Number of protein chains: 2
Amino acid sequence: MQYSAAEENYIKAIYRLQDHAAMVTTNALADALQTKPPSVTDMLKKLKAKKLLNYEPYKGVKLSAEGKKVALAVVRKHRLWESFLVSKLQFGWDEVHEVAEELEHITSKKLIDKLDAFLGFPRFDPHGDPIPDSQGRITIQPQVRLTELPLHQSAEISAVGSQSPALLELLKAKGLQLGTRLDVRKIFSFDRSLDIRIKQQASVNISFELASVLFVKTC
Amino acid sequence: MQYSAAEENYIKAIYRLQDHAAMVTTNALADALQTKPPSVTDMLKKLKAKKLLNYEPYKGVKLSAEGKKVALAVVRKHRLWESFLVSKLQFGWDEVHEVAEELEHITSKKLIDKLDAFLGFPRFDPHGDPIPDSQGRITIQPQVRLTELPLHQSAEISAVGSQSPALLELLKAKGLQLGTRLDVRKIFSFDRSLDIRIKQQASVNISFELASVLFVKTC
DNA sequence: ATTAATTTTTAGATTCGCCTAAATTTAAAT
DNA sequence: ATTTAAATTTAGGCGAATCTAAAAATTAAT
Ligand SMILES: [Mn+2]
Ligand SMILES: [Mn+2]
Ligand SMILES: [Mn+2]
Ligand SMILES: [Mn+2]
C-alpha cells in the first residue's frame with residue numbers, strides 16, 4: 001500500500017504523540033501539524049477506513065499495528081535523509097528538518113535501502129534519534145536528561161531535544177556536541193545551573209534550560 | 001516563486017517538446033504527461049496566468065523566458081539526482097528515471113547546489129544529457145547519431161536516446177557504454193547494420209535500431 | 001465549397017486536503 | 001444538578017488537479 005504525503009505526516013505525528021499520552025487528541029494533532037481540528041477529523045476518518053488506526057469519535061486515536069509499521073517506515077526515511085544531509089552534504093543539524101520533511105515522502109524502498117547502505121547503516125540520526133532498520137526495528141538506547149544525571153557520573157551526550165539554530169550556536173560556544181564525554185561537578189541551587197567537566201578539560205557552566213534539552217547515556 | 005510538482009512537470013514537458021516543434025500542441029502534451037487533453041488546457045490557462053508561457057487557444061504553446069528558467073531548474077534537479085543515484089547509490093541508469101521524477105520536485109536550492117558540489121559538478125547525467133549549472137547555463141556538446149557518423153571517423157559514445165533496461169542489456173552484451181571509443185568499419189546495405197571497432201579490439205556488429213539510439217561525439 | 005475528420009476547448013463532476021461557522025458532545029465549574 | 005467552558009464533529013465550501021461527455025474550432029478530404 002502507498003500513502004500520500006499528507007497521510008504519512010499524520011501517521012508520523014500520531015506516532016510521536018502517542019508516546020507521551022495514552023490517547024492522541026484531535027487538538028494535539030491539529031497543533032502538531034499546523035492545521036485545524038476539522039481537517040484532523042476528516043483525515044482520521046480516512047485513516048480509520050484504511051485500518052491504520054483506531055479512532056472513536058470524541059475519544060481520541062491510536063495507531064494500529066499496520067499504522068505503526070507505516071510510521072516507522074516514514075521515521076526511517078526522515079532520519080536517513082537527515083543523516084545524508086549532514087554527513088554527506090555538510091548541512092548543519094539545525095538546517096535539515098524542513099528538507100527531510102519533504103524527502104521522507106519519496107516512494108522508493110530500494111532508494112532508502114541503498115541510501116542506508118551508502119551511509120554505512122547509521123543507527124542514529126544527527127540529533128541522536130534512533131533510525132529504524134529495513135524491517136522497522138528500532139534500537140532504544142537508555143538515556144536520561146542531563147538534569148537527571150548523578151554528580152560525577154561519567155556520560156556522553158547522546159541526543160538533543162531541540163533542533164533550533166539557537167541551541168546549536170550555544171552548544172558550539174560551550175564546546176559541546178553529540179558524543180561529548182562529560183560529568184557533572186556541581187549543581188547550583190539558585191538557578192539550577194550546572195558545572196560540567198568535558199572530558200579531561202576545565203569545567204564549564206551551563207544553564208538549566210540547556211541541560212534539560214540534552215540527553216546523555218552513562219559510560 | 002515556487003511551483004507545484006504538476007506545474008513543474010508540465011513546464012519540463014513543454015521544454016522538451018518545443019525543441020522538436022515550433023509550437024507545442026495540447027495533444028502532444030497530454031501524450032507526454034499521460035493525461036487527457038482537457039487537463040492540459042486547464043493547466044495551460046493557469047501557467048499562462050503565471051506568465052510562464054505564451055498560450056493562445058487552438059494555436060499551441062511556447063515557454064516564456066521565465067518559463068524556460070523554471071524548466072532548466074527542474075531539468076537540473078532531475079539530472080543531478082539521476083547522477084547521484086547512479087554514481088553514489090549504484091543504481092543502473094535504466095532504473096533512475098522514475099525516482100528522479102519525484103526527487104526533482106524537492107524545493108530547496110541549497111540542497112541541489114550542495115548535491116552538485118558533492119557530485120563534483122558533473123556536466124552530464126548518466127544518459128549523457130547535459131546538466132544545467134546553478135545559473136541555468138547548459139553546455140551543448142556537438143554530437144550526432146551513430147548512424148550519421150562517417151566511416152573510420154573516431155568517436156566516443158556520448159549519450160543514449162532511450163533509458164530502457166532492454167537497451168542497457170544489449171549495450172552490455174556488445175561491450176558498449178557511455179564513453180566507449182569506437183569507429184565504424186562497414187555499413188551493410190541490406191539491413192543497415194554496422195560493423196564497429198571498439199577501441200583497438202575486434203569489430204562488433206550492431207543493428208540499425210541500436211545505432212540510431214546512440215549518440216557520439218567525434219574525437 | 002461542402003463535408004468529414006481531427007484537434008481543442010468548454011461544461012460539469014470527482015477526489016484530496018484544507019478551511020470557517022455552526023452544532024454537538026464531553027469536561028469543568030459553580 | 002445546572003450552567004459554563006472546552007473539545008470535537010458536522011455542514012458547507014474552496015482550490016488544485018484530474019476525468020468524461022459534449023460543443024466548438026481547425027484542418028483535411030472529397
Ligand atoms: Mn513530511
Ligand atoms: Mn532528527
Ligand atoms: Mn516529476
Ligand atoms: Mn537523464
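Since the structure is predicted, the reported quantities are computational estimates derived from the model, not experimental observations. Chain identifiers are assigned alphabetically (A, B, ...) following the order of the sequence lines, protein sequences preceding nucleic acid strands; residue numbering begins at 1 within each chain.
Nearest to the side-chain atoms of A:Y10 among the listed nucleotides D:dA25, C:dA11, C:dC18 stands C:dC18. For B:T25, whose side chain is taken as the heavy atoms from C-beta onward, the closest listed nucleotide among C:dC18, C:dT8, D:dT9 is C:dT8. Closest approach to the A:Y55 side chain among D:dT8, D:dT26, D:dT9 is made by D:dT9 (side chain taken as heavy atoms from C-beta onward).
For the pair B:Y58 OH and D:dT27 P, the interatomic distance rounds to 11 Å; values are reported in whole Å. Atom CD of B:Q34 and atom P of D:dC19 are 10 Å apart (whole Å). In this entry the distance linking NZ of A:K36 with P of C:dC19 reads 6 Å, nearest Å. In this entry the distance linking NZ of B:K59 with P of C:dT7 reads 19 Å, nearest Å. Summarising the geometry, the separation between CG on B:L44 and P on D:dT18 is reported as 12 Å, rounded to the nearest angstrom. Following rounding to the nearest Å, B:K45 (NZ) and D:dA16 (P) show an atom-to-atom distance of 14 Å. We find that CD of A:E56 is positioned 21 Å from P of C:dT24, with the value rounded to whole Å. At whole-Å resolution of the value, CE in A:M23 and C1' in C:dT26 are 16 Å apart.
One finds the CD atom of A:E102 at 12.0 Å from the CH2 atom of A:W81 (value rounded to the nearest 0.5 Å).
Residue A:N27 places none of its side-chain N or O atoms closer than 4.0 Å to OP1 or OP2 of D:dA6. Residue B:T26 places at least one side-chain N or O closer than 4.0 Å to OP1 or OP2 of C:dT9. For D:dT18, the OP1/OP2 oxygens have no side-chain nitrogen or oxygen of B:T35 closer than 4.0 Å. Under 4.0 angstrom from either OP1 or OP2 of D:dT9 there lies at least one side-chain N or O belonging to A:T41.
Looking at which nucleotide of DNA chain C each of A:A6 and B:V40 is closest to, the 5′-most match is held by B:V40. Sequence order on DNA chain C of the closest nucleotides to A:M43 and A:P57 puts A:M43 first from the 5' end.
Side-chain contact, B:S108 with B:K114: no donor N or O sits under 3.5 Å from an acceptor N or O. Side-chain atoms of B:D191 and B:S193 form a donor-acceptor pair, as typed in the model, at a separation below 3.5 Å.
Among the protein residues, B:P37 comes within range of the nucleic acid bases, having at least one heavy atom under 4.0 Å from a base atom.
Looking at A:D42, its side chain comes within 3.5 Å of the base of C:dC18 through a donor and an acceptor atom.
One finds no salt bridge joining A:E66 and A:K50 here, because no Lys/Arg side-chain nitrogen approaches an Asp/Glu carboxylate oxygen to under 4.0 Å.
Taking the six-membered ring for Trp and thresholds of 30 and 60 degrees, A:H78 and A:H97 have ring planes inclined between 30 and 60 degrees apart.
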